[in-house]
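To find a chain, count down the sequence lines: A is the first, B the second, and so on, and within it residues start at 1. These numbers were taken from a predicted model, which means no experiment stands behind them.
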Amino acid sequence: MAIVLEAKALNKTFGAVTAAKDINVAIEQDAIVGLIGSNGAGKTTFINMVTGYLKPSSGSIDFGGRDITPLNPRQITRLGICRSFQIPQLFNSLTVYDNLLVGIGIVVSGGKQWSQASHHTGTPQEAVDGMLERFRLTEYRDKLAGVLPEGIRKLLDIAMAMAVKPKILLLDEPTSGVSADEKFTLMDMVMEAVSAQKVTVLFVEHDMEIVNRYTHRVLAFYEGRVIADGAPAAVLGDIEVRKYVTGESAHAAH
Amino acid sequence: MKHARTLPVLIVIAVLLLAVGPFLPRWALFLVTVSLCYGIVVLGMMLLMRTGVVSFGHGLYYCLGAYAAGTLDQVYKVSDMAVMLVAAIVTTAVVSGAIGFLLRKYRDIFFAMLSLAFSMILYGLLVKTSALGSSDGFNIAASKIAGITVAGTGSERYVRYALTVVFALVSGIFMHRYLNSHMGRLAEAIRDNELRVEYMGASVRNVIHVNYMISAVLAGIGGALAAIAVGHIDPEMAYWTTSGEFVFVGILAGTGSVLAPFLGAFIFETIRSFAYEYSPNTWQMALGITMLVVIMFLPGGLWSLFVRKRKAA
Amino acid sequence: MAQLLAVLIDGLIYSSWLFIIAVGLTLIYGVMKILNIAHGSLYALGAYSAASLAGYWLKQGYPPMGSYAVMVVAAILVGLIAGPIIERGLLRFMYGKDEIVLVLVTYAVFLILEDAVKLIWGVDPYFIAQPYGMLGNFSIGDLTYPNYNLVLFGAAVLIGVVLAWVLTKTRQGKMLLAVIHDREMSGAMGINVGKVYFITFTVGAMLGALGGALTAPMISVQPGIGAETIVLAFAVVVIGGLGSLPGAALAAILVGIVRAAAVHYRPELDLFSIYLVMAVVLIVRPKGLFSAQEARKI
C-alpha cells in the first residue's frame with residue numbers, strides 16, 4: 001500500500017515542555033489508525049503539526065511525497081488533509097444547513113486547486129442535503145449550530161471536515177462528550193460515510209472499545225513519544241501501553 | 001421580513017422616491033438625500049459587522065470620496081457628477097486596497113484603532129494643506145452630469161437627489177445579493193469562527209480585505225454624493241467622530257437587512273436636523289442615550305423589531 | 001545641537017502629558033478589558049472643574065499657591081463622583097458582553113458627557129492661565145521654559161512610580177495584577193472582582209480627570225478637548241500594549257520625542273506623527289510594545 005502521510009523525526013518543545021519527541025510514523029493509504037495516549041501525551045500536538053497549526057521544532061512531514069511542514073492550515077486543507085476538533089468548531093449563528101453550505105461553497109469556489117474528482121454531485125444545495133442525510137442531520141437542518149446538543153455538534157463538526165473532500169481525515173476525540181450508547185452509532189455513521197470515499201482516517205480516542213472495533217492500526221503516545229505501533233490487539237496488550245496509557249497493569253496490581 | 005421580499009421593496013421605495021421628488025419641499029429633498037448618503041456608507045459598515053470587524057475609521061473613505069469629487073472641481077475645473085463619482089470609487093478602491101494589506105491582520109480593538117489612526121492621518125494632512133482650504137475646507141459645485149449641464153436649470157436639486165436615489169438602490173441591490181451569496185455566508189462564518197474557516201480551506205484575510213474594500217468604496221460613494229448635495233467639504237469628514245456616527249447608525253440599524261442602514265440613517269439624520277435646530281447642546285446626549293437603549297434592549301438593532309425570530313430551536 | 005536639546009525637552013514635556021492622560025486608560029483596560037472612550041470626557045470634566053474651581057479660588061483672592069491644590073482636589077472629586085456613577089450605574093450591567101460592545105457603551109457615555117459639559121459650563125472657552133506662569137521659568141542655554149512643565153514632568157513620574165509601587169508591593173495592587181492576568185481565576189481564588197473593578201474604574205477616572213486638571217492652565221478649556229485627547233490617549237495605550245503601564249510610559253516617551261522632532265523638522269507631520277508611530281509599531285509588534293502571551297486554543 002502506498003504511503004500517504006509520513007512524519008520524520010518530529011520534535012516539538014514549548015520552552016521546558018516536550019510535546020513531541022522523535023516521532024517517526026508512516027501511514028498507508030486507506031488505513032484507519034487510532035492514536036491513543038493519556039492527556040498531554042502529544043496526540044493533539046501531533047495532529048496540530050500535521051495540519052499546520054503548529055510548526056515542529058525539528059523534523060518534517062510529507063504528504064503524498066510532498067513536504068508540507070512549512071504550510072499553514074488553509075494550504076494543508078486544500079491539499080486534502082482535514083480535521084475535526086476536540087471541542088467542535090462550528091459557526092454558531094448559522095444553521096446546520098448553512099454550516100455545511102459554507103464548506104461546500106469553499107470547495108466549489110476553490111476551482112482548479114481542488115481538481116481531484118468531486119465527491120459531491122449536483123448543486124451545492126443538493127450536496128448539502130446529501131450530507132445531511134448521510135450524517136442523519138436532516139432533522140436539524142434549520143437549527144442554529146449554537147443551540148444543538150453536544151453529540152450533534154460533534155457530528156456536524158465531523159461532517160464539515162468531510163464536506164471539504166479530504167484525502168486524509170483527522171478526528172480529534174470524535175466520541176468525547178457523546179453518551180456511551182451513542183458512541184457506536186456515531187462511529188458507525190462516520191465510518192460508513194468515510195468508506196464511500198477513499199479516505200485515510202486517523203483518530204484520537206480514549207475509549208479502547210472504539211479503538212479495538214474500528215482501527216486496523218494503533219499508535220500509542222506517551223510523553224511525546226510513540227511507544228507502540230501496530231495492530232490493535234498487539235498494542236493494547238503491550239506492557240508499556242498498559243502501564244502508561246490504559247492503566248490496566250495498575251488496576252491488575254490490586 | 002423574508003429576504004425574498006427585500007429587492008422588490010427596495011425597488012418600490014426607490015421608484016416612489018423618484019416620483020415624489022419634484023413635489024417635496026427643499027428641506028425634505030435635502031434630508032432624504034443626505035440620509036441616503038449615510039445609508040450607503042452604513043451598508044458598508046454592515047458588511048464589515050457581518051464579517052466580525054468594526055471600523056472606527058470609515059470617515060477616511062467618506063472624506064476621500066468627497067475630496068476626490070471636490071478636487072476635480074476646485075483644482076481641475078471638472079464639475080461633472082459622473083466623473084466625480086468615478087474618481088471617488090477609484091480613489092477609495094486604491095487606498096483601501098493598500099491599507100487593507102495591513103488592516104487585514106488585525107481584529108477587534110486593534111482593527112478599530114488602526115482604522116481610526118489612518119482616518120486621523122488624513123485629517124491631519126488635510127488640516128495642514130492650505131491649497132485645500134485647511135480646516136475650513138471649500139465649496140464645490142457639481143454643474144454637470146455625464147456631460148449634460150444641470151446648473152441653472154432649476155432641476156439641479158432633483159438631479160442630485162435622483163442620482164443619490166439611484167446609487168442607493170444599486171448599492172442596496174448589490175449588497176443584498178452579495179450577503180445572500182457564498183461570500184456573504186463566508187463573512188458570517190468568519191465572524192463566528194475564523195479558525196474553522198481556515199481549516200476549511202478559505203483565506204480569512206482575503207475575505208476581510210475584499211469586504212473592507214467594498215465597504216470603503218461605498219463610503220467613498222456616500223462621501224462624494226454628500227459633497228455634491230451639500231456643496232461643501234471639510235476635513236471634519238475624516239475626524240474620528242464622523243466615523244463614530246457611522247458606527248452608531250450601524251448599531252442602530254442592525255445587520256438584519258439592506259433596508260436597515262437606510263432606515264437607521266434616515267432616523268439619525270431626522271433626529272440630528274431637528275435636535276440641532278431646537279437644542280444644539282443636547283443632540284449628542286440624545287444620540288448617546290439612544291445608543292445605550294438600543295444596545296441594552298435591542299441588540300439586533302431597530303431592524304429586529306421587524307423580524308420575528310424564526311430560527312430559534 | 002541646541003535644536004536637538006529643544007527636541008528632547010519638548011519631547012519629554014509632551015511625553016509627560018501623554019503618560020498622564022493615557023495611564024488611567026490603560027489601567028482600566030488591563031483590569032476590566034474595557035477601552036473606555038468616556039476617558040476623554042473625564043479629562044474634559046477634570047479640566048473644566050479645575051478651571052472653574054481654581055478660577056474661583058484665585059478670583060476670591062486666596063493664596064495663589066493654593067490654586068494647585070484646588071486643581072488636584074477638583075480632579076479627585078470628579079473621579080470620585082463620575083467614576084462610581086458610570087461604573088456602578090451602567091457598566092456593571094454590561095460586563096460579560098463582547099469587548100466591542102463595551103467600547104460602544106463607553107462611546108455612548110462619551111457622547112452624553114460631551115453635552116453634559118456644554119450644559120454645565122456653556123460653550124465659551126475658559127482660561128486659567130495664572131497657575132501656568134506663576135512658578136516662573138527655567139533656562140537651559142538659549143531655551144526657556146515655564147517651570148510648570150517641571151510640575152507636569154514631576155506629576156508623570158510620581159504617578160508612574162506610585163502606581164508601580166502600589167501594583168507590585170501592596171496586597172490590593174497584587175490582587176489587581178491577578179485580575180489583569182486572569183479574571184475568572186482570580187474570582188475563583190476569592191478575590192472580589194466586582195470591588196476591584198469599582199476601585200480600578202474610579203482610580204482610572206481620577207487619573208483621567210487629573211490629566212485634564214493639570215492641562216487646564218496650558219490651554220483654552222472648551223468643548224472638543226475630550227474628543228481631541230482621547231484619540232491621543234488611545235494611540236499611546238495601543239502602542240505601549242493594552243493594559244501595560246511600563247508600555248504606556250515607553251510609548252509616551254517614544255511618541256513625545258517623535259512628535260517634538262516632527263514639530264521642529266517637519267511641522268506638516270505634527271498632527272499625525274503619533275499615528276505614524278502607531279502604524280509602524282503595530283507592524284513590527286502587532287500587539288504593541290509590551291503584550292501578553294496567548295494560550296493555545298485548540
Kindly compute the distance separating [atom1] ([X]) from [atom2] ([Y]), expressed to the nearest 0.5 Å.
X       : Y       : atom1 : atom2 : result
I283(C) : K105(B) : CD1   : NZ    : 7.5 Å
T290(B) : L111(C) : OG1   : CG    : 10.0 Å
T241(B) : E114(C) : OG1   : CD    : 9.0 Å
L292(B) : T106(C) : CG    : OG1   : 10.0 Å
M296(B) : L90(C)  : CE    : CG    : 6.0 Å

Where does [X] contact chain B at under 4.5 Å (heavy atoms): side chain, backbone, both or neither?
X       : value
L269(C) : neither
F93(C)  : neither
P223(C) : neither
V117(C) : neither

Min side-chain heavy-atom separation M113(B)-L282(C) under 4.5 Å:
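In short, these two side chains do not touch, never coming nearer than 4.5 Å.
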Taking the side chain as C-beta and beyond, is there a heavy-atom pair between M278(C) and F110(B) under 4.5 Å?
no
Heavy-atom closest pair, residues D115(C) and M285(B)
OD2-N, 2.8 Å
Between G288(B) and A108(C), which heavy-atom pair has the shortest distance, and what is it?
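Heavy-atom minimum between the residues: O-CB, 3.4 Å.
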Does [X] have more than 12 heavy atoms from other residues, nucleotides or ligands lying within 6.0 Å of its [atom1]?
X       : atom1 : answer
Y276(B) : OH    : no
F266(B) : CZ    : no
Y278(B) : OH    : no

Checking [X] against chain C: side chain, backbone, both or neither under 4.5 Å from a heavy atom?
X       : result
L102(B) : side chain
L116(B) : side chain
I251(B) : side chain

Is the distance between the ring centroids of Y275(C) and W240(B) under 6.0 Å?
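Ring centres of Y275(C) and W240(B) not closer than 6.0 Å.
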Spell out, as yes or no, whether a donor-acceptor pair under 3.5 Å connects the side chain of Y107(C) to the backbone of V247(B).
no
With respect to chain C, which residue among [options] yields the maximal number of heavy-atom pairs within a distance under 4.5 Å?
options                   : value
L122(B), V54(B), L125(B)  : L125(B)
I109(B), D108(B), L114(B) : I109(B)
G124(B), P280(B), A117(B) : A117(B)

Taking every heavy-atom pair that is under 4.5 Å apart, which of [options] has the most such pairs with chain B?
options                            : result
L104(C), V103(C), V101(C), I274(C) : L104(C)
V238(C), L113(C), L242(C), V231(C) : V231(C)
A279(C), A235(C), P286(C)          : P286(C)

